[in-house]
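Taking it in order: structure first as structure tokens, then the write-up.
A, B, ... follow the sequence lines: proteins, then strands. Residue 1 opens every chain.
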Amino acid sequence: MSDAAYPAAAGARSRSAAPRGRLLDGPAGLAPTRRLSGKRIMIYGGLLIFSAYYLLPLWVMVMTSLKGMPEIRMGNIFAPPVEITFEPWVKAWSEACTGLNCDGLSRGFWNSVAIVIPATILSIAVAAVNGYALVNWRFKGSEVFFTILIFGAFIPYQVMIYPIVIILREIGLMGSVWGLVLVHVVFGMPIITLLFRNYFSSLPPELFKAARVDGAGFWGIFLRVLVPMSLPIFTVAVILQVTGIWNDFLFGVIYTRPESYPMTVQLNNIVNSVQGVREYNVNMAATLLTGLVPLTIYFLSGKLFVRGIAAGAVKG
Amino acid sequence: MQNISMRRLLAGAALTILPFGAMAADLEVTHWWTSGGEAAAVQELARIFEEQTEHSWVDGAIAGSGSTARPIMVSRIIGGDPMGATQFNHGLQAQELVEAGLMQDLTEVAEANGWRDSINPVSLLDACTFEGRVYCAPLNIHSPQWMWTSLAAFEKAGIEPATNWEELKAAAPALREAGILPLAQGMQGWQTALLLYAMISGIGGADFYNQVFAERNEDALNSDTLKNIFAEYAIARDLASGGNLSDWNMATNRIIEGTAAAQVMGDWAQGEFALAGKTAGTDYGCHIGLGGEPVIATGGDAIYFPVNDDEAVTEAQRALAQVILSEEAQVAFNAAKGSLPVRGDIDLAEVNECTQAGLETLKAGNTIPTIDLVMSSDSRGQIEDLTAEFFGSSLSAEDAHARFVQIVQSEM
Amino acid sequence: MAQALRAETRSELDGISVSIRDLSLSYGAVEVLGDLNLDVNDGEFLVLLGASGCGKSTLLNCIAGLQPATEGQIFISGKNVTWAEPSERGIGMVFQSYALYPQMTVEGNLSFGLKNAQVPKGEIARRIARAASTLQLEPLLKRKPAALSGGQRQRVAIGRALVRDVDVFLFDEPLSNLDAKLRAELRVELKRLHQSLGNTMIYVTHDQIEAMTLADRIAIMRGGKIQQLATPDDIYRRPANLYVAGFIGSPPMNLLPGRLDGSTFRGPLVADVTGYDFTTRPRGGDIVLGIRPEHVRTGEAAAALPIQAQALVEVVEPMGADTLVWTRLGDTPFRVRLDGEDRVRAGQMLSIGFDPASLSLFDAATETRI
Amino acid sequence: MAHSGPPIRLFQNWSAKLAATPMILTALVVFIGCSLWTVVYSFTNSRLLPRLDFVGLAQYERLWSTPRWQVSIENLAIYGILALVLTLAIGFLLAVLLDQKIRFEDGFRTIILFPYALSFIVTGVVWQWILNPDFGLQHIIRGMGFSGFTFDPLNNPDLVIVALLAAGIWQGAGLTTVIMLAGLRGIDEDVWKASRVDGIPAWKTYLFIILPMMKPVFATCIVLISAGIIKLYDLVVALTRGGPGIASEVPAKYVYDYMFGNQNLGQGFAASTMMLAAVLAIIIPFALFRMGRKRHV
């Protein structure tokens with residue numbers, strides 16, 4: 001239907017051809033946006049101030065770790081190094097002493113790796129199955145156990161430290177890495193179970209029903225239907241557990257032997273093993289090294305981390 | 001089945017053929033000796049152990065202090081994952097572990113090596129003995145009652161170095177004038193408590209110290225002497241104000257640098273002086289009992305050997321116990337750490353004047369038991385809390401005294 | 001498989017595909033299904049219709065074995081499946097949300113159940129090919145569900161039931177996630193599918209159009225009980241009770257309360273109901289008179305009918321093909337559906353009339369049809 | 001075959017029950033069992049080793065007459081209230097700022113949250129360094145010409161809480177911000193449209209409309225923050241070790257020190273039982289509140 005065929009349409013066109021002449025005084029068209037209103041300045045100003053509060057310690061850590069001790073004594077902790085030295089990093093990584101062991105954090109790093117990997121895998125496996133059973137295979141009392149589990153997340157660890165020593169002794173795992181792994185599995189269980197429970201209950205229940213009609217059993221549904229579609233939540237759980245277990249200090253110090261101390265304990269040892277003058281640059285390098293793994297994971301995972309903690313915390 | 005019994009047979013044969021104790025073991029030794037001088041001393045002990053036996057020393061240092069390390073040690077022993085050997089301040093600390101049968105009986109080693117004859121004072125061995133059996137090997141004697149002074153600091157202030165508590169008090173204004181901290185005092189509970197013990201024995205004397213801690217004599221506890229000591233203790237708090245120190249060796253470092261005049265600390269401070277290349281008499285001064293009554297506490301460190309089910313480790317434990325009391329180890333360890341040997345039959349070839357003074361005091365028998373020998377960890381912890389609170393607040397000397405008496409009296 | 005099941009058939013269940021006997025389900029004190037009995041014939045298309053929360057989906061889940069019943073029995077193809085696993089019941093099920101496995105391709109979705117049942121590979125391929133051709137899924141087989149449109153997903157979901165080669169299909173509101181146009185299309189497709197396959201289908205919906213168009217029989221449910229089980233025509237013309245009368249039809253039936261004296265109804269209008277097909281012996285007393293808006297005639301057509309009245313037009317809703325007129329009989333609102341060509345204005349008086357044969361009368365106390 | 005009724009309950013869902021065994025064991029043995037064990041032994045005079053030698057409430061009497069415990073409780077109360085209020089305020093403020101459709105939102109959020117990825121030990125060491133009077137903030141500001149400037153919270157018993165707060169909030173407020181932001185994003189856009197049409201200024205909308213709508217989010221944050229506060233231990237150990245004196249002691253550290261350091265298990269258990277009671281006092285009302293709400297919906 002072409003416009004020209006209809007006089008009415010032609011009239012419409014002639015109206016649209018003459019808008020300029022018809023404008024009255026006053027605002028017209030797109031409202032101007034002031035790029036920097038007072039409000040915007042306040043918003044960005046506020047954010048920048050907070051960013052400074054959050055970033056300064058990181059800045060100070062990095063700067064201090066790159067300075068030599070004489071420069072630290074002279075100068076300003078915020079100032080960048082005049083002469084960059086990586087000596088503190090080398091020392092923190094491989095030379096700093098605790099007692100007779102002068103292999104720095106490197107040993108703690110590998111210990112942490114050896115603890116984090118099995119603990120993360122196991123705790124997530126257990127918690128994922130828990131969440132699945134809680135959502136899809138409720139049984140009498142399952143909610144009660146879950147409630148206890150969530151209560152458990154808030155019980156101060158101090159209440160349970162000693163009896164756990166006894167439990168670990170009874171099952172013969174005291175002092176072994178597996179004992180520590182077990183402790184991490186236990187204490188990671190509440191929050192990760194909650195995470196998976198929330199995730200699985202957000203999936204359409206029909207999917208589970210369809211899989212049952214299709215003849216899949218408890219493990220079949222879990223492994224072949226639910227797990228493949230739960231990659232995001234698994235990623236989130238891995239991030240939470242790796243950072244959480246990596247950062248643990250209390251369990252690491254109590255339930256392991258010195259030769260398998262995780263990195264945080266090693267860090268505390270190095271920082272507190274004062275031999276003569278405190279070497280702040282080495283301490284800072286050690287601190288950064290210890291924080292590097294969780295920080296890397298954090299920066300790489302970006303939104304997933306945020307989504308994970310929000311998912312774990314807001315619901316539930 | 002057959003395999004197992006064959007293996008056992010072979011193992012048995014090996015045992016009989018090989019000389020006794022030939023199974024080399026890794027012996028994990030936990031301790032909290034992590035400062036410079038301490039680490040050097042451990043280094044010596046480990047070296048001698050590895051040289052004299054076929055076993056290896058696995059170092060299990062735990063940084064911080066005894067209060068950080070002890071929980072870890074205790075939980076491991078209780079948790080059935082014992083280390084090969086562990087440092088404890090001997091005395092009541094480990095008694096319950098011994099009672100529970102968690103500690104190796106060393107009586108045979110002790111008798112074979114004549115510990116009872118060589119250890120001086122013999123009370124050190126008594127502290128290791130429970131119901132007639134020996135359960136630990138004393139390693140060194142520590143006397144906490146020393147006042148260390150920086151001669152450079154006094155020189156800078158243009159006054160004579162203080163040789164006792166009274167002189168230090170008198171010198172304080174001049175020192176402050178010169179920007180020097182009169183008393184370098186770490187703010188941790190065990191350090192503030194150490195100062196109190198040193199003042200009680202140094203100002204009150206050995207008998208008074210015993211009356212207070214060992215006998216818990218009511219008259220002594222409520223005496224003017226003790227009240228006066230608490231008043232002096234409050235003065236010490238003033239002398240230390242502005243120091244902002246926490247670790248003991250940070251405080252010792254101030255003496256080494258000459259930015260503080262005095263520190264009351266145990267003889268292990270000498271290890272730091274030695275490491276910094278300072279010489280007694282020319283760089284720093286030492287004054288037993290704060291320059292008052294020269295008494296020395298015969299406590300110190302002892303090594304305990306938790307029971308374990310590995311024969312090779314048990315063997316290594318006995319070997320270490322033997323090494324600890326050997327002359328070579330006693331000399332090397334104590335020289336590095338700045339403490340005194342537990343054997344009276346050793347001639348320390350070249351000891352500085354401070355160690356010499358300590359040895360003489362020891363020989364003269366001017367000894368008092370360390371706090372660990374007479375008080376439970378519980379009470380000691382409470383005293384540490386009290387003194388830490390005292391130093392970190394404006395708690396009055398009277399109140400501190402009253403609470404101190406209460407803690408001591410509640411000791412069972 | 002179907003053959004094997006039939007071998008056990010008891011004579012009592014001959015010709016009956018799904019039989020539900022004294023089924024009840026309660027959560028604690030809350031009764032969701034109560035003493036339910038239902039026989040579905042072989043090859044029948046049965047629709048479970050009701051408002052949300054009436055228990056229709058629960059009943060379907062019970063049949064599927066996804067929801068264990070508290071009491072009673074379920075027979076499918078003559079076999080007691082009360083305790084059987086869903087996959088052992090010889091059913092296929094299609095869900096409202098499609099419930100496709102997102103990480104599997106269409107082909108994977110279709111084959112998952114067969115693989116679980118350890119069907120040989122060749123047979124799987126054969127069945128998928130057949131289902132794909134029936135549902136025109138061939139070009140989609142390698143795609144993942146995320147790459148499909150709503151209608152395509154629904155077809156895959158149906159296909160997943162189809163490949164199982166079962167006697168009974170269960171549909172749980174399968175069309176309600178689609179837009180109106182697509183829904184109408186798929187409705188026809190479903191009907192065609194049923195005609196060509198001849199399987200038993202049990203279909204849950206809250207959409208009465210779907211129910212009316214698809215069903216051989218409709219079971220209207222409310223509060224866990226079946227209100228009426230009948231053909232769509234019966235349900236429309238002879239609702240068994242007030243609930244069904246009000247539920248079916250859009251706009252719903254006009255319901256006028258009044259009294260029955262002999263054969264005279266006295267309410268907002270007075271009407272002689274002689275000619276009404278009573279199901280029970282007529283008794284006087286409080287009743288409700290029901291008349292569907294589309295059974296009301298107006299103007300000249302009304303003049304010829306036994307029951308007549310004057311109604312005041314309040315609102316006129318032209319809907320193209322027909323026009324809905326909201327009137328008032330005395331104080332009682334009364335809806336009339338007119339032909340789209342009729343012209344009426346608000347405020348005008350309208351002569352209406354209807355035939356007693358098109359009425360439904362209900363006992364006001366028991367709410368059942370009289 | 002003809003009789004009705006469910007199969008034997010015990011064997012229903014047996015794989016589910018089997019799979020949930022770790023959870024059941026954790027819940028019963030660790031969380032319930034260990035807590036009860038600790039509570040029971042808090043009535044004994046166990047010292048280095050646990051012994052069932054009951055002494056009634058003696059441990060509790062002593063606990064509450066111990067100045068260090070009182071200081072610990074006081075510190076926890078002061079720190080707790082301040083940390084809770086400040087974290088909520090900062091978290092909400094930051095979330096509101098981030099919610100203004102700003103540029104670089106991801107960048108800002110990353111900056112605010114990154115300390116949460118660090119351990120308390122790391123946080124403690126960093127802040128110890130920044131607050132070091134000879135090198136850190138005080139030194140810098142004095143160097144700028146304010147020679148009389150004094151800010152040495154680590155060595156000032158009255159200010160040491162400030163140091164703990166600075167470090168604790170630095171590490172923890174990011175989490176609150178992210179949760180609050182998620183909460184803000186969860187609020188219906190139409191609320192904003194309505195308030196714009198009604199001409200209500202943004203700050204008023206936040207304060208009087210959005211804030212009340214965020215009650216559940218706040219409740220979650222409060223529970224999370226409180227649980228963290230009660231557990232406060234690592235940070236104190238790494239930053240102040242309870243000092244100066246006993247000025248920054250906290251209950252968790254008291255428990256730990258008494259259980260292991262002072263070899264008075266009974267006392268440590270009594271203190272940890274008090275902590276447990278405090279946690280229950282926070283959690284139970286919250287749980288009841290939630291359960292009550294669920295039932296109403």
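Panel note: side chain C/Arg160, backbone A/Asp214; no donor-acceptor pair is recorded below 3.5 Å. Checked by atom type and distance alone, the side chain of C/Tyr101 pairs as donor or acceptor with a backbone atom of A/Ala211 at under 3.5 Å.
Proximity of A/Leu207 to C/Pro102: side-chain heavy atoms (C-beta onward) are separated by under 4.5 Å at one or more points. Looking at A/Leu231 and C/Gln103, their side chains never come closer than 4.5 Å, going by heavy atoms from C-beta outward. The shortest side-chain heavy-atom distance between A/Arg224 and C/Phe112 falls under the 4.5 Å cut-off.
With values rounded to the nearest 0.5 angstrom, A/Lys209 atom NZ is found 6.0 Å from C/Met93 atom CE. A/Glu206 CD to C/Leu66 CG: the interatomic distance, rounded to the nearest 0.5 Å, is 10.0 Å.
Within a 6.0 Å sphere centred on CH2 of A/Trp110, other residues, nucleotides and ligands contribute 12 heavy atoms or fewer.
With chain C as partner, the option from A/Leu226, A/Val213, A/Val225 having the largest number of non-hydrogen pairs under 4.5 angstrom is A/Val213.
Heavy atoms of C/Asp172 lying under 4.5 Å from chain A are absent altogether. In this structure, the portion of C/Leu100 lying under 4.5 Å from any heavy atom of chain A is its backbone and not its side chain.
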